[in-house]
Amino acid sequence: MATKPGWNAQLYDNKHSFVWKLAGGVLELLAPQPGERILDLGCGTGHLTGKIAEAGAYVVGVDRSPEMIVQAREQYPALRFEVMDARELQLEGPFDAVFSNATLHWIHEPERVIAGVARLLKPGGRFVAEFGGKGNTGELLRAVERIWSKEAIPGPAPRPWYYPSIPEYAGLLEKHGLEVAYAILFDRPTPLDDGELGLRNWLDMFGASFGASLSASTRSQLKNEIERELRPILFRDGHWVMDYRRLRISARRG
């Protein structure tokens, strides 16, 4: 699994709320029904868990980050939230559906997640997810590679995320008995909050692994270089726009 920093749940909600606010399409694909038992995998601070509960479903939210779960419990005290690694799901099934938004690209061991999802779903149960797909944040990753080479930083440039293609991920699902019913890979350029500070905030929130092995001064210089490299490409009309590509997929357990 990609190494994630200790999450700043406040920064996540205040400056990166687009993560859950842009999830309307994948929630429609889930179509939660009253009385269903649904798992929200990688629930973050619980906003989508709350939306699923509003539909009348019984929902459990799990996230690997204790910081996120603390905030989720504070904001939605009537709902159940647990600290849990998506690769090691310790819950009693079956569930009618497993839902996940903006989480699975953090996990470099996708089959462990899929095996757990398949185990928890009832026959005919559905798995609905959206996350970074092939090409996501491509400009950022190419900029980091250029800087790594130019600055002669030891070791390879980090690749923190897992961004599969549709055939790659569909094949893994089908290997574990989940039949793919719908899949799309689409561009979603996403404006970041805070004008000039948008990319720096994003790097602080999601890009900590780029500088994990570097000194504080080198990390700061790295962020400066990333901003310089990407400004001609991703800075438009006074704000940064991340080059997101999302994989949205739905599958059913046979």
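Paired with Glu229 under the rule side-chain contact (heavy atoms from CB on, under 4.5 Å), one option of Leu140, Val144, Ile147 passes, and it is Ile147.
Taking the six-membered ring where the residue is Trp, Trp161 and Trp106 present perpendicular rings, their angle passing 60° and hence far from 30°. Aromatic ring pairs are classed by plane angle as parallel below 30°, tilted from 30° to 60° and perpendicular above 60°; the pair Tyr76 and His47 is perpendicular. Ring-plane geometry between Tyr162 and Phe131 is classed as parallel, the angle between the planes falling under 30 degrees on a 0 to 90 degree scale with a further cut at 60.
Classification of Glu225 and Arg228 as a salt-bridged pair holds, one side-chain N sitting under 4.0 Å from a carboxylate O. Classification of Lys175 and Glu111 as a salt-bridged pair holds, one side-chain N sitting under 4.0 Å from a carboxylate O. Asp194 has no carboxylate O lying under 4.0 Å from a charged side-chain N of Arg200, or vice versa, which leaves the two without a salt bridge. Between Arg159 and Glu145 there is a salt bridge, since a side-chain N of the basic residue sits under 4.0 Å from a carboxylate O of the acidic one.
Sorted by first then second residue, the salt bridge (charged side-chain N to carboxylate O under 4.0 Å, His left out) pairs that include residues 39-49, not counting sequence neighbours, number zero. Every pair passing salt bridge (charged side-chain N to carboxylate O under 4.0 Å, His left out) that includes a residue from residues 91-108 is listed here, sequence neighbours excluded: Asp96-Lys122.
Under the rule for a side-chain contact (heavy atoms from CB on, under 4.5 Å), the partners of Arg119 that lie at least two apart in sequence or sit in another chain are Leu89.
Heavy atoms of other residues, nucleotides or ligands lying less than 6.0 angstrom from NZ of Lys223 number more than 12.
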